[in-house]
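Single-structure report; data block below.
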Amino acid sequence: MNRDALFVGMDLGSFKTSVVASNGKRETLHTAVGWPKDHVARALLGRDVVFGEDILRQRLALDVVRPFAKGALKYLDQAHSGVSRDEVGKRQHAARLLVEHAVALIEPAPDAPVYGVVGAPSRASELSKRVLIEAVQGVFDAVVIVAEPFTVAYSMNRLTETLVVDIGAGTIDICPIYGTYPQEEDQITVPIGGDVIDESFYNCLREAHPEAQLSLNMARDIKEKYGFVHDLDETAIVPLPVAGVPTPLDVTEVLKQACLSIVPPIIDGIREVVARFDPEFQRPMLNHVLLGGGGSQLRGLDRLVEQSLEPLGGGKVTKVYDSVFAGAVGALKLAMTMPPQNWERLRGGETDAETRTPQLRRAA
């Protein structure tokens, strides 16, 4: 191992980005970039670009871009994401600034090479991977793009007979792990995730309680605090402004229905991936289903997925130990276990044989 190098693992999520480094530092921040709307906002904020929690606090004064929202850039091409060409350019610029800021937070030493492993959705296109590479060019001396579910499995040493279901804000990745790096044709990416829940809950709540004042960010916060899918007694009563007055409202049923919307795609995806394997390997996979990503924290989701697997003969479902950092930790472990000569080869601009993704040298 090159002891002078700083190794970095990054989970570049659609909603949150997590980064961990070999110097012991770890950080998480919103995957968003804000620019002051006018010179008044610029003078108030005292900077040209805003990151992290400040985006939420100052969002009325900012133009905010989520570069990977709804799978854009990371998974979907321009035609399918519904993002205009001009907007794609703005998102690419935001992604670059975000990665620069995330790496700066872990305080790399001056002049030390920085080697990174960054997660991408399982079936990200070569074009999408190229976009990610361009976002990190100049930030890392060498970088490898790997499937996000693989980094989750790697962090938990679940490298055989495991089926990872990585539920992010923009996509759901379903990936079998069987002792080697997964092949692209073995995996699937469903272009929905936590963002779909947020929007569904927001729309249904506005229809059920038109008198309530609500924003999408408020709906997301409610989901993250109370979200559930099980059939046990559960109550979600939250104070929402009605004519400016905080008023307790029961949002239990609309919240549950919104959260349940991602379960059928997960079950269909598991069926599709498992069916591709030799029958003797299908049962071990179903007995080791691992839920990762922020969506894995919906209360009761592991139990409901288990119940939904009964027509397939049953299965065993568990959740990751840390939905925020599991992917980044796995990426860091991958970075630190790669042979030094591999990093030197990548630093020279060669192509990584495992990911088939061109690696770019830091810009001069």
Side-chain angles (χ1 to χ4, degrees), residues 1-13 16-29 31 51-52 67-68 74 92 95-121 124 128-159 177 180-182 322 324-364:
M1 181 186 299
N2 186 341
R3 298 186 182 278
D4 294 328
L6 179 69
F7 297 94
V8 177
M10 183 176 293
D11 183 358
L12 202 57
K16 286 190 176 180
T17 290
S18 300
V19 57
V20 295
S22 56
N23 61 5
K25 296 185 181 297
R26 59 172 57 192
E27 296 286 345
T28 183
L29 68 159
T31 307
F51 302 97
F68 306 117
K74 289 180 67 179
Q92 289 175 325
R96 165 72 177 242
L97 293 175
L98 180 76
V99 172
E100 288 180 347
H101 181 71
V103 172
L105 289 176
I106 48 96
E107 300 177 358
D111 301 323
V114 181
Y115 300 147
V117 172
V118 179
S128 297
K129 291 177 182 178
R130 167 61 61 177
V131 169
L132 290 180
I133 294 261
E134 289 175 352
V136 301
Q137 184 183 13
V139 182
F140 296 104
D141 289 278
V143 65
V144 177
I145 305 296
V146 300
E148 289 169 340
F150 185 74
T151 65
V152 172
Y154 206 83
S155 73
M156 299 186 67
N157 296 317
R158 297 278 292 271
L159 298 180
I177 306 296
T180 186
Y181 192 80
D322 184 343
V324 176
F325 285 105
V329 167
L332 175 62
K333 288 175 65 176
L334 278 168
M336 295 182 69
T337 54
M338 279 183 59
Q341 61 269 26
N342 285 22
W343 284 117
E344 290 302 320
R345 176 173 58 83
L346 295 175
R347 191 175 183 180
E350 295 185 26
T351 299
D352 179 76
E354 202 161 49
T355 63
R356 302 292 193 272
T357 303
Q359 312 301 321
L360 301 177
R361 182 184 303 172
R362 173 174 289 184

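Below, each value reflects all heavy atoms present in this structure, side chains not excepted, and no hydrogens, waters or symmetry copies.
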Check: Below 4.5 Å, heavy atoms only, C-beta onward: do V118 and V99 meet side chain to side chain?
Finding: no

Margin query: Please give me the minimum heavy-atom distance between I177 and A153, naming the atom from each residue.
Written below: CG1-CB, 3.8 Å

Notebook entry, point to check: Are the side chain of S18 and the backbone of V324 linked by a donor-acceptor contact shorter than 3.5 Å?
Noted result: yes

Note to self: Show, in sequence, the C-alpha distance, side-chain angles and deciding distance for V152 and D11, and conclude whether the side chain to side chain contact (heavy atoms under 4.5 Å, CB included) test is met.
What the structure shows: CA-CA 10 Å; V152 172; D11 183 358; 6.0 Å; no

Next item on the list: Check whether any side-chain heavy atom of L334 sits under 4.5 Å from a side-chain heavy atom of V146, and report yes or no.
Entry: yes

Notebook entry, point to check: What are the two closest heavy atoms between E107 and N23, and how far apart are they?
Noted result: O-ND2, 3.7 Å

Notebook entry, point to check: Y154 versus T337: any side-chain heavy-atom pair under 4.5 Å?
Noted result: yes

Notebook entry, point to check: Can you find a heavy atom in the side chain of F7 that is under 4.5 Å from one in the side chain of M338?
Noted result: no

Notebook entry, point to check: Does a side-chain heavy-atom distance below 4.5 Å link W343 with D141?
Noted result: no

Next item on the list: Please round to the nearest 0.5 Å and tell me the distance separating atom NZ of K333 and atom CG of N157.
Entry: 4.0 Å

Checklist line | side-chain hydrogen bond (donor to acceptor under 3.5 Å, both in side chains) partners for D111, two or more places apart | finding: none

Item checked: Donor-acceptor contact present, side-chain Y115 to main-chain V144, <3.5 Å -> no

Notebook entry, point to check: Can you tell me how far CG of N342 sits from CZ of R345, rounded to the nearest 0.5 angstrom?
Noted result: 5.0 Å

Notebook entry, point to check: Taking all non-hydrogen atoms of both residues, which atom of A331 and which atom of T151 are closest, and how far apart?
Noted result: N-CB, 3.8 Å

Next item on the list: Could you tell me which non-hydrogen atom of I106 sits nearest to which non-hydrogen atom of L6, and how far apart they are?
Entry: CD1-CD2, 3.5 Å

Note to self: Using the rule given for side chain to side chain contact (heavy atoms under 4.5 Å, CB included), can you reason through L105 versus K25, listing the C-alpha separation, both sets of side-chain angles and the distance that settles it, and then say yes or no?
What the structure shows: CA-CA 8 Å; L105 289 176; K25 296 185 181 297; over 6 Å; no

Margin query: With rounding to the nearest 0.5 angstrom, report the CZ to CG distance, F51 to L29.
Written below: 8.5 Å

Note to self: How close do A147 and Y181 get, counting heavy atoms only, and between which atoms?
What the structure shows: N-OH, 2.9 Å

Notebook entry, point to check: What heavy-atom pair brings R96 and G138 nearest, and what distance separates the two atoms?
Noted result: NH2-CA, 4.3 Å

Next item on the list: Hey, could you give me the CD/CZ distance between E100 and F140, rounded to the nearest 0.5 Å?
Entry: 10.5 Å

Notebook entry, point to check: Distance-only, no hydrogens or angles: does the T31 side chain make a donor-acceptor pair with backbone N or O of T17 under 3.5 Å?
Noted result: yes

Check: What distance separates Q341 CD from L346 CG, expressed to the nearest 0.5 Å?
Finding: 10.5 Å

